[in-house]
Amino acid sequence: MRGMDYASTRNFQARGRQEILIPDDVVNNSAAFACLEAAGTMTSVGLSYLLHRTGHHKLERWLSIGHVGVTGFGVVRNYSLESKHKPAAGHP
């Protein structure tokens, strides 16, 4: 899901949209943005592991469901945004 978030953000930027949650110097740097996505994944996995080890299995599942849900919502939103570029002449 984080990979899809990365791709959808790159897609909407290519269509002239601006990222509002992450500073431009991070989003416009491919390595920094990939590291941020990896850090988000590692944080989610690490928290799930801690919840699992401490016996909080329901919280572990809800954390994963929440992470996937929020990220999935962002992906759908990114692909749903209209392009800011004007269409080429002769194209609707």
Side-chain angles (χ1 to χ4, degrees):
M1 194 57 73
R2 297 302 288 192
M4 288 175 62
D5 182 49
Y6 179 89
S8 70
T9 300
R10 288 285 182 228
N11 175 275
F12 87 77
Q13 280 187 311
R15 293 183 291 125
R17 303 299 299 207
Q18 284 291 109
E19 174 63 58
I20 58 171
L21 297 176
I22 305 168
D24 286 341
D25 57 335
V26 174
V27 176
N28 295 330
N29 181 329
S30 292
F33 190 36
C35 286
L36 180 69
E37 293 290 0
T41 301
M42 290 186 297
T43 301
S44 181
V45 170
L47 288 171
S48 290
Y49 175 76
L50 288 173
L51 290 170
H52 178 78
R53 293 292 293 175
T54 57
H56 295 92
H57 301 292
K58 281 188 179 182
L59 286 175
E60 174 190 0
R61 283 190 296 275
W62 280 109
L63 176 74
S64 295
I65 290 167
H67 184 220
V68 169
V70 168
T71 305
F73 175 81
V75 168
V76 170
R77 180 189 174 278
N78 287 350
Y79 280 118
S80 298
L81 291 172
E82 291 186 26
S83 296
K84 290 232 175 175
H85 296 278
K86 293 181 181 177
H91 290 77

Rounded distance (nearest 0.5 Å) linking atom [atom1] of [X] with atom [atom2] of [Y]:
X: N11; Y: L81; atom1: CG; atom2: CG; answer: 9.5 Å
X: R77; Y: T9; atom1: CZ; atom2: OG1; answer: 9.5 Å
X: H67; Y: L47; atom1: NE2; atom2: CG; answer: 10.0 Å

*Hydrophobic cluster membership, I20 vs F12, 4.5 Å side-chain cutoff*: no

*asked:* If hydrophobic clusters are built by linking Ile, Leu, Val, Met, Phe, Trp and Tyr wherever their side-chain heavy atoms come under 4.5 Å apart, do L21 and Y6 end up in the same one?
replied: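 Same cluster: L21 reaches Y6 through Ile, Leu, Val, Met, Phe, Trp or Tyr contacts under 4.5 Å.
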
For [X], check side chain to side chain contact (heavy atoms under 4.5 Å, CB included) against everything at least two apart and list the hits.
X: M4; result: M1, V75
X: S80; result: V76
X: L36; result: I22, V26, F33
X: D24; result: Q18, N28

Flag, side chain of [X] to backbone of [Y], donor-acceptor distance under 3.5 Å:
X: R17; Y: N78; value: no
X: S44; Y: G40; value: no
X: T54; Y: L51; value: yes

*Partners of H57 by side-chain hydrogen bond (donor to acceptor under 3.5 Å, both in side chains), sequence neighbours excluded?*
H52, E60

*asked:* Is it the case that atom OH in Y79 sees more than 12 heavy atoms from other parts of the structure closer than 6.0 Å?
replied: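 Atom OH in Y79 is crowded, with more than 12 foreign heavy atoms closer than 6.0 Å.
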
_Residues clustering with I65 (ILVMFWY side chains joined when closer than 4.5 Å, directly or via others)_ =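 Via sub-4.5 Å side-chain contacts, I65 links to W62.
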
